[in-house]
There are 2 protein chains.
Amino acid sequence: MKAIQLYYPPEWAHCYGCGYLNAQGLRIETYWHPERGESETRFTPKPHHTAIPGFVYGGLLASLVDCHSTATAAAAKAAAEGVSLEEAPLRFVTASLKVDFLKPTPLGPELRLVGRPKEVKGRKVVVETELYAEETLTVRGEAVLVQIGEGFGRSEDAPAGG
Amino acid sequence: MKAIQLYYPPEWAHCYGCGYLNAQGLRIETYWHPERGESETRFTPKPHHTAIPGFVYGGLLASLVDCHSTATAAAAKAAAEGVSLEEAPLRFVTASLKVDFLKPTPLGPELRLVGRPKEVKGRKVVVETELYAEETLTVRGEAVLVQIGEGFGRSEDAPAGG
């Protein structure tokens with residue numbers, strides 16, 4: 001299986017969180033599971049991704065939810081339209097990101113994010129995410145994503161996050 | 001003036017976003033302006049902090065709002081109690097973080113975050129943030145912060161972000 005982010009067109013593949021063309025980035029990779037209608041991202045933070053010693057930095061957790069959600073939106077939109085990402089390399093950016101830190105997330109183990117599209121409507125997708133550290137749910141996320149086109153950044157009113 | 005983060009006790013100063021003991025971190029610094037009841041954080045993203053080329057990565061913007069908000073909470077709580085951070089080095093962590101990306105944030109210029117405590121109640125503080133790139137408001141944040149004590153991370157129900 002190929003990560004959703006690897007389908008992004010090269011001109012939009014420089015994201016610090018998940019761009020395959022960003023050599024200094026986090027290279028977050030998200031996979032779509034059509035049979036479950038869910039996405040999954042696995043990531044092991046580095047030792048310096050600390051909050052309070054022993055726990056993962058909240059900004060990194062927000063970054064994981066962010067890139068995981070933009071990728072989930074692309075896959076969910078492609079699935080809703082009955083096209084493959086190969087033929088339609090969709091790219092979404094974040095309009096709004098909400099992260100609830102339910103418990104401290106231990107630094108060390110691989111983290112697992114599970115995403116579900118809550119709404120797919122026109123250019124907008126809403127994604128709900130649960131983040132687990134060793135089977136314990138520690139973070140809940142909700143993101144609103146907007147599909148971008150060639151004119152991205154030229155319009156004054158285009159939203160943009162990760 | 002000394003940044004709020006520089007008052008954090010050394011055992012809680014390893015945060016990737018703002019800890020002075022994290023050599024690989026972002027070293028975000030926030031200043032409290034008692035006369036305005038506001039905080040201010042200035043940060044210039046690195047060229048690799050890209051989203052779509054030309055714009056700042058949303059996960060970095062969320063990280064800025066995160067550490068800026070925890071620091072603002074410490075200063076606001078100290079002000080509300082009439083103590084100085086020198087005598088009471090308060091440390092907050094994030095329970096919940098909401099970031100609205102109103103417009104793409106240009107990558108290049110220094111960014112300026114302005115924070116205002118919306119609520120200071122017991123161990124909880126709510127902080128509202130506006131982020132500007134060259135006088136243009138591009139991001140709005142709201143964070144709920146919780147003050148931690150010595151037992152942090154040992155209790156199962158303690159929230160924790162940045």
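Note that the structure is predicted; figures quoted are calculated from it, not measured. Chain identifiers are assigned alphabetically (A, B, ...) following the order of the sequence lines, protein sequences preceding nucleic acid strands; residue numbering begins at 1 within each chain. Below, each value reflects all heavy atoms present in this structure, side chains not excepted, and no hydrogens, waters or symmetry copies.
Few gaps surround CD on Glu119(B); more than 12 heavy atoms of other groups in view lie less than 6.0 Å from it. In this structure, Glu135(A) places its CD atom where only 12 or fewer heavy-atom neighbours from other residues, nucleotides or ligands lie under 6.0 Å away.
With a threshold of 4.5 angstrom between heavy atoms, Glu142(B) does not approach chain A through any atom at all. Residue contact with chain B, scored on non-hydrogen atoms closer than 4.5 Å, involves the backbone and the side chain of Asp100(A) alike.
With sequence neighbours excluded, no residue satisfies salt bridge (charged side-chain N to carboxylate O under 4.0 Å, His left out) with Lys46(B).
Pairing each heavy atom of Cys67(B) with each of Tyr57(A), the nearest pair is SG-OH, 3.2 Å. When all heavy atoms are compared, the tightest approach of Ser63(B) to Gly59(A) is OG-CA, 3.4 Å. Taking all atoms of both residues into account, the shortest heavy-atom contact from Leu97(B) to Ala62(A) is CD2-CB, 4.3 Å.
Counting heavy-atom pairs closer than 4.5 Å to chain A, the top-ranked of the candidates His14(B), Gln24(B), His48(B), Arg140(B) is His48(B).
Note on Val125(B): it clusters hydrophobically with Leu90(B), by side-chain heavy-atom contacts below 4.5 Å among ILVMFWY residues. Hydrophobic clustering (side-chain heavy atoms under 4.5 Å, transitive across Ile, Leu, Val, Met, Phe, Trp, Tyr) groups Leu26(B) together with Leu111(B). A continuous path of hydrophobic side-chain contacts links Leu137(B) to Val114(B) [ILVMFWY only; heavy atoms under 4.5 Å]. Tracing side-chain contacts under 4.5 Å through hydrophobic residues (I, L, V, M, F, W, Y), one never reaches Tyr8(A) starting from Val56(B); they form parts of separate clusters.
For the atom pair CG of Asn22(B) and OG1 of Thr50(A), the computed distance is 5.5 Å after rounding to the nearest 0.5 Å.
Classified by interplanar angle (parallel below 30°, tilted 30° to 60°, perpendicular above 60°), the ring pair Tyr16(A)/His49(B) is perpendicular.
With contacts defined as side-chain heavy-atom distances shorter than 4.5 Å, the pair Glu11(B)/Pro53(A) does not qualify.
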